[in-house]
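Worksheet for the structure shown next.
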Amino acid sequence: MEQSGTAALLQGAVQDLSSDVASALRGGGHAPVTGGLEDGITVAAVRVLGADLLLPHLLARTPPPPDTLEAFRLTVKTFPPRADAAPTVVWSHWAMRRTLRRFEQNDGLTPAADEGAEPDAAWLDGATWQYLTHQLAVLAPLAVPGADSAVARAARGRPVDVARGFVRAVRRRDWQQAAGAGRWLTLLDGVPDTLGLDSGLDFVELMGGSDPRVALQVAAARAMRRSGALV
């Protein structure tokens with residue numbers, strides 16, 4: 001019962017943070033992360049969102065509130081990947097460290113973190129288009145304008161396959177995967193015009209937008225599409 005209660009609290013915290021980030025990406029402001037650090041729920045929720053917690057500030061080039069940055073920093077410190085962690089976990093943590101370094105460098109006060117060497121991306125070599133799309137959707141926080149990485153290069157080399165994966169996810173009603181794939185497609189060159197990405201994102205939002213994590217990815221895709229930036 002206690003584990004069930006903790007899981008429910010974590011899920012609620014993740015949904016709340018996702019809603020805040022999605023609202024900020026739409027231009028509605030970004031509430032600071034202030035509560036829950038002492039019991040670990042907020043820190044765990046930040047870990048689920050990963051680097052996306054600071055995405056509105058990254059795109060707008062504004063400093064995050066001190067409490068938000070501290071929650072992000074504490075999460076990076078508290079949840080290092082284990083030696084046997086899945087590649088997506090390792091890459092997610094690396095993306096958080098890279099984002100933290102970017103903001104710490106810019107404040108001129110805090111010693112900058114070191115994101116460390118880029119993780120291995122060999123597990124994506126020769127991946128089927130279905131598996132590639134699934135992995136990219138999990139790693140959607142790496143889809144950031146101007147932020148190169150081996151994962152971004154894998155996506156950049158296969159825009160048609162990612163487009164196929166987006167269509168497949170929509171047909172399977174996997175809205176989280178569709179939204180994450182759509183976010184990557186927003187930043188990729190060579191996406192087929194016949195895909196109709198804007199209409200596709202509208203449909204994903206209509207069908208899955210009640211899930212704050214889907215709403216976050218759609219809002220991120222639109223915010224970056226407005227900027228016209230390529231990865």
Side-chain angles (χ1 to χ4, degrees), residues 25 49-52 54-55 58-59 81 84-102 114-205 208 213-214 216-231:
L25 290 167
L49 258 67
D52 274 347
L54 301 184
L55 181 62
L58 194 67
L59 295 179
D84 61 347
T88 51
V89 174
V90 176
W91 271 99
S92 178
H93 187 262
W94 180 84
M96 292 186 72
R97 291 184 65 86
R98 181 176 66 178
T99 302
L100 179 61
R101 178 180 177 83
R102 184 165 182 171
D114 179 8
E115 70 268 29
E118 189 176 276
D120 179 37
W123 98 100
L124 291 178
D125 294 343
T128 65
W129 60 269
Q130 298 95 328
Y131 183 72
L132 175 68
T133 303
H134 171 71
Q135 297 295 284
L136 290 176
V138 173
L139 292 174
L142 282 162
V144 179
D148 193 28
S149 68
V151 173
R153 291 189 293 274
R156 192 163 58 228
R158 299 176 63 180
V160 175
D161 283 343
V162 181
R164 291 175 70 190
F166 173 78
V167 172
R168 178 176 182 266
V170 170
R171 288 175 174 170
R172 292 166 61 93
R173 306 178 70 85
D174 187 341
W175 307 123
Q176 282 197 25
Q177 184 172 144
R183 173 172 168 179
W184 277 105
L185 288 166
T186 297
L187 297 178
L188 299 182
D189 202 1
V191 176
D193 292 337
T194 54
L195 178 64
L197 182 57
D198 287 331
S199 297
L201 287 171
D202 288 344
F203 184 71
V204 170
E205 183 180 39
R213 297 183 68 182
V214 172
L216 188 163
Q217 297 303 332
V218 173
R222 286 184 172 146
M224 293 188 291
R225 197 162 179 79
R226 287 194 299 269
S227 74
L230 294 178
V231 106

| Do the side chains of Trp94 and Pro81 get nearer than 4.5 Å, heavy atoms only? | no
| Side-chain heavy atoms of Leu59 within contact of Pro145, under 4.5 Å | yes
| field | Non-hydrogen atoms of Ala181 and Val162 that approach each other most closely | value | O-CG1, 4.1 Å
| request: Start with the C-alpha gap between Leu142 and Arg98, add the side-chain angles, then the distance that decides, and say whether side-chain contact (heavy atoms from CB on, under 4.5 Å) holds. | output: CA-CA 10 Å; Leu142 282 162; Arg98 181 176 66 178; 3.7 Å; yes
| message | The test is side-chain contact (heavy atoms from CB on, under 4.5 Å); show your working for His93 and Val89 and say whether it passes. | response | CA-CA 6 Å; His93 187 262; Val89 174; 5.7 Å; no
| remark: Nearest heavy-atom contact between Pro159 and Leu185 is O-CD2, 3.8 Å
| message | Tell me the closest heavy-atom pair linking Leu188 and Ala155, and the distance in Å. | response | CD1-O, 3.5 Å
| query | Just wondering, are more than 12 heavy atoms of other shown residues or ligands nearer than 6.0 Å to CG in Asp193? | reply | no
| field | Asp189 with Arg156: basic N within carboxylate O range, under 4.0 Å | value | no
| said: Under a 3.5 Å distance rule, please check whether Arg183 uses its side chain to pair with a backbone N or O of Ala221 as donor and acceptor. | reply: no
| request: Would you mind checking if Asp174 and Arg168 are paired as a salt bridge, meaning a charged N to carboxylate O distance below 4.0 Å? | output: no
| query | Tell me, do Leu55 and Pro141 make a side-chain contact under 4.5 Å, heavy atoms counted? | reply | no
| Within a strict 4.5 Å, meaning less than it, do heavy atoms of the Gln177 and Thr133 side chains meet? | yes
| query | If you round to the nearest 0.5 Å, how far is CZ of Arg102 from CG of Leu54? | reply | 11.0 Å
| Below 6.0 angstrom between ring centroids: does that apply to Phe166 and Trp129? | no
| field | Evaluation steps, side-chain hydrogen bond (donor to acceptor under 3.5 Å, both in side chains), between Gln217 and Asp52 | value | CA-CA 9 Å; Gln217 297 303 332; Asp52 274 347; 3.2 Å; yes
| request: If the plane angle is over 60° it's perpendicular, under 30° parallel, otherwise tilted; pick one for Trp123 and Trp91. | output: tilted
| How far apart are the closest heavy atoms of Leu136 and Trp184, and which atoms are they? | O-NE1, 2.7 Å
| said: Within the structure provided, determine whether Val214 and Glu205 are in side-chain contact (heavy-atom separation under 4.5 Å). | reply: no
| query | At what distance, to the nearest 0.5 angstrom, does CZ of Arg213 lie from CG of Leu49? | reply | 6.5 Å
| request: Measure the shortest side-chain to side-chain distance between Gln135 and Thr88 over non-hydrogen atoms and say whether it is less than 4.5 angstrom. | output: yes
| query | So which heavy atom on Val160 is nearest to which on Gly190, and how close? | reply | CG2-O, 4.4 Å
| query | Where do Ala147 and Ala152 come nearest, in terms of heavy atoms and distance? | reply | O-CB, 4.2 Å
| query | Are side-chain heavy atoms of His134 and Leu139 found at a separation under 4.5 Å? | reply | no
| task | Compare all side-chain heavy atoms of Gln130 with those of Arg164 and state whether any distance is below 4.5 angstrom. | result | no
